[in-house]
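What follows is one structure encoded as structure tokens, with my remarks underneath.
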Amino acid sequence: MRLLAVGKMRRGPEQELFERYRTRLSPKLTVTELPQGRGSAGEIKRREGEALLAACPDDALLVALDMGGPVRSSEKLAVDLERWRASGRPLCFAIGGAEGFDQPVLSRADAVLTLGPLTWPHMLVRILLAEQIYRAQAIATGHPYHRSGRPG
Ligand SMILES: C[S@@+](CC[C@H](N)C(=O)[O-])C[C@H]1O[C@@H](n2cnc3c(N)ncnc32)[C@H](O)[C@@H]1O
């Protein structure tokens with residue numbers, strides 16, 4: 001699995017937390033960091049979008065992290081992750097920069113993964129994504145890390 005992410009994560013508590021989850025994942029999640037775009041908001045989005053699409057293999061199943069996607073439970077994400085991996089295509093997640101994704105990235109994406117309607121800082125999104133993939137793996141294997149606790 002690959003993560004294409006705009007921006008550079010510096011050493012510190014965010015990186016430590018991200019690594020805590022990332023290193024528990026199987027298969028491994030490798031990270032490709034892309035430079036933040038320059039110029040107007042439109043130029044930033046276009047440049048970052050071009051870099052994201054250039055880094056994404058043609059045959060990859062691209063999952064764009066964006067507020068605009070359908071809301072999923074962690075259990076549903078576990079099912080979708082299994083389905084995405086069973087496709088046999090390399091799985092690529094993408095996290096945008098401060099301006100979000102350019103339309104061509106969203107058009108190329110095979111799926112959109114939302115972490116809810118709130119806007120999260122992109123470095124926290126890396127942590128949340130790694131934790132949710134780890135949780136999805138715990139759900140798939142029946143590991144007690146995940147406890148549903150929901151009625152019904
Ligand atoms: C600071 S946000 C960008 C916000 C931008 N103004 C927009 O409207 O998309 C940076 C990146 O974090 C990710 N992100 C932020 N909040 C998210 C959420 N609730 N669900 C999924 N991804 C999110 C997206 O990949 C987004 O491109």
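One-based numbering, in listed order, for ligands and for the atoms of each. All residue numbers in this chain count up from 1 along the given sequence. Keep in mind that the numbers below use all heavy atoms, side chains included, and drop hydrogens, waters and symmetry copies.
At the shortest separation from atom 16 (N) of ligand 1 among protein heavy atoms lies Trp120 N, 3.0 Å. In terms of protein heavy-atom proximity, atom 25 (O) of ligand 1 is nearest to Leu65 O, 2.6 Å. Of the protein's heavy atoms, Ala98 O, 3.8 Å lies nearest to atom 4 (C) of ligand 1. Met67 CG, 3.7 Å is the protein heavy atom nearest to atom 17 (C) of ligand 1. Atom 11 (C) of ligand 1 has as its closest protein heavy atom Gly96 O, 3.5 Å. Nearest to atom 3 (C) of ligand 1 among the protein's heavy atoms is Gly97 O, 3.3 Å. In this structure, atom 20 (N) of ligand 1 lies nearest to the protein heavy atom Leu115 N, 2.8 Å.
The Glu99 neighbourhood of ligand 1 comprises atoms 5 (C), with distances under 4.0 Å to a heavy atom of that residue. Within the listing of ligand 1, atoms 21 (C) sit less than 4.0 angstrom from a heavy atom of Leu113. Short contacts between ligand 1 and Asp66, defined as distances under 4.0 Å to a heavy atom of the residue, involve ligand atoms 20 (N), 21 (C), 22 (N). Short contacts between ligand 1 and Ile95, defined as distances under 4.0 Å to a heavy atom of the residue, involve ligand atoms 12 (O), 25 (O). Contact atoms of ligand 1 toward Phe101: 25 (O) (distance under 4.0 Å to a heavy atom of the residue). Residue Thr114 approaches ligand 1 through these ligand atoms, each under 4.0 Å from one of its heavy atoms: 20 (N), 21 (C). Close contacts of ligand 1 with Gly100, meaning ligand atoms under 4.0 Å from a residue heavy atom, involve 3 (C), 5 (C), 7 (C), 9 (O), 27 (O).
A donor-acceptor distance shorter than 3.5 angstrom exists from the side chain of Arg22 to the backbone of Leu29, with no hydrogens or angles considered. Remark: the backbone N or O of Met9 is paired with a side-chain donor or acceptor of Glu33 at under 3.5 angstrom. At least one donor-acceptor pair closer than 3.5 Å links the side chain of Arg89 to the backbone N or O of Asp59.
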Next on the checklist: Would Leu129 and Leu113 count as a side chain to side chain contact (heavy atoms under 4.5 Å, CB included) here? Give the steps.
Outcome noted: CA-CA 9 Å; Leu129 173 65; Leu113 176 55; 3.9 Å; yes
Checklist entry - Stepwise, does the side chain to side chain contact (heavy atoms under 4.5 Å, CB included) test hold for Leu52 with Arg108? => result CA-CA 11 Å; Leu52 272 169; Arg108 162 68 180 81; over 6 Å; no
Item to check | Worked verdict on Arg20 versus Glu16 for salt bridge (charged side-chain N to carboxylate O under 4.0 Å, His left out) | outcome: CA-CA 6 Å; Arg20 185 185 304 176; Glu16 278 172 31; 6.0 Å; no
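Using cut-offs of 30° and 60° for the angle between ring planes, the Tyr21 and Tyr134 rings count as tilted.
No side-chain N or O of Thr23 forms a donor-acceptor pair with one of Glu19 less than 3.5 Å apart.
The shortest side-chain heavy-atom distance between Glu14 and Pro121 does not fall under the 4.5 Å cut-off.
Contacts between Val125 and ligand 1, counted as non-hydrogen atom pairs separated by less than 4.0 Å, involve the side chain only.
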Result block: side-chain N/O donor-acceptor pairs under 3.5 angstrom for residues 34-45, not counting sequence neighbours:
residue, atom, partner, partner atom, Å
Ser40, OG, Glu43, N, 3.2
Glu43, OE1, Ser40, N, 2.9

